[in-house]
**Student:** 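Below you will find the structure I want to go over with you.
Bear in mind that the values here come from a model prediction, so they are computed numbers and not experimental data. All ligand and atom numbering here is 1-based and tracks the order in the structure. Counting from 1, the numbers follow the sequence of the chain as shown.
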Amino acid sequence: MRIDTEKCRGCGLCVPFCPANAITLADRKARIDEDKCLECGTCLRKGVVRCPTGAFYEPPGVYERPRSIRKFLSDPATNHKETGIPGRGTEEVKTNDVTGRVRRGFVGIGLEVGRPALGADLTDIEKLTMSLAKSGLNIHWEEDNPVTHLFKDPATGTLLDECKDQRVVSAIIEFALPVNELRPCLDTIKAASKEISTVFSLFVISRMDEDGNTPLVSELEAWGYDVRPNSKVNLGLGRPLREE
Ligand code: SF4
Ligand code: SF4
């Protein structure tokens, strides 16, 4: 994002809206630190900042690699080119009854890395994906996930070189693995979490049994995790795309 300093009146209205603290005011002009800017688009969004002079603008480079990596992962109004997914991640498994992404015998894992105000370096995301890839577990990266499209090599979890200096509001790492590998997977994530400099939320996605139970909840609690069960059931809203 850029500010046209000719237009800026230095009113300061925009400064507190930036989730990355990238806008500063000096000599009655607002300026954007491009290293800090996550290209989230908040300062330009209609009805949010209401810059009195319309000083914010996006240079074309924002939509070209590598800067576009920030844009498509940080701005929910932008669609990721390869997946068509807007914002930081996917709809995860909220439509699993139709897509069948997580099959019986498997568990889905989502790691939402970063938050507004904290952000996430892609290098931190890579530390997590590399640790998971190195674990020897049977990890199936989710194909429709924007982070998966940034892999240089899914077998090693390395990201494209152009990701190295990029920083985003947040991004979701998404994969599935056999349910009997859940515990070592969580141990791997716990160990890797000590190497990163931001926060993440962990989603464990499992299918309910026929009787409505989710046995993984008690297992996770027995392993010391604070579980907050959350469910979504889209009864009758779609035809399953994949046979069990
Ligand atoms: S809101 Fe607009 S005019 Fe006011 S400081 Fe920010 S860029 Fe400048
Ligand atoms: S695009 Fe987002 S991060 Fe960048 S200056 Fe505007 S509000 Fe801040």
**Student:** Taking D121 as the fixed residue, which of R167, Q166, K164 is the one that meets the side-chain hydrogen bond (donor to acceptor under 3.5 Å, both in side chains) rule?
**Tutor:** R167
**Student:** Where the side chain of D27 meets the backbone of K29, is there a donor-acceptor pair that is under 3.5 Å apart?
**Tutor:** no
**Student:** Under a 4.0 Å N-O cut-off, is there an ion pair linking R104 with E210?
**Tutor:** yes
**Student:** I'd like to know if P19 contacts ligand 2, where contact means a heavy-atom distance under 4.0 Å to any ligand atom.
**Tutor:** yes
**Student:** With atoms numbered from 1 as shown, which atoms in ligand 2 lie under 4.0 angstrom from a non-hydrogen atom of L38?
**Tutor:** 3 (S), 4 (Fe)
**Student:** If the cut-off is 4.0 Å to any non-hydrogen atom of T53, which atoms of ligand 1 fall inside it?
**Tutor:** 3 (S)
**Student:** For R65, is there an ion pair with E162 - N to carboxylate O distance below 4.0 angstrom?
**Tutor:** yes
**Student:** So which protein N/O/S atoms does atom 6 (Fe) of ligand 1 have within less than 2.8 Å?
**Tutor:** C14 SG
**Student:** Has C37 got an N/O/S atom less than 2.8 Å from atom 4 (Fe) of ligand 2?
**Tutor:** yes
**Student:** With rounding to the nearest 0.5 angstrom, report the CG to OG1 distance, L159 to T129.
**Tutor:** 4.5 Å
**Student:** So, D124 and K127, do they make that salt bridge, N to O below 4.0 Å?
**Tutor:** yes
**Student:** Answer yes or no: is there an ion pair linking R228 with D226, defined by an N-O contact shorter than 4.0 Å?
**Tutor:** yes
**Student:** Parallel, tilted or perpendicular, judged at 30° and 60°: which one describes the rings of F151 and W141?
**Tutor:** tilted
**Student:** Checking side chain to side chain contact (heavy atoms under 4.5 Å, CB included) for the pair R45/D75: CA distance, chi angles, key distance, verdict?
**Tutor:** CA-CA 10 Å; R45 202 158 295 138; D75 184 348; 2.9 Å; yes
**Student:** Just to be sure I read this right, does ligand 2 sit under 4.0 Å from the backbone of K36, its side chain, both, or neither, counting only heavy atoms?
**Tutor:** neither
**Student:** Which of the listed options, S74, C18, C40, holds the heavy atom that is closest to atom 8 (Fe) of ligand 2?
**Tutor:** C18
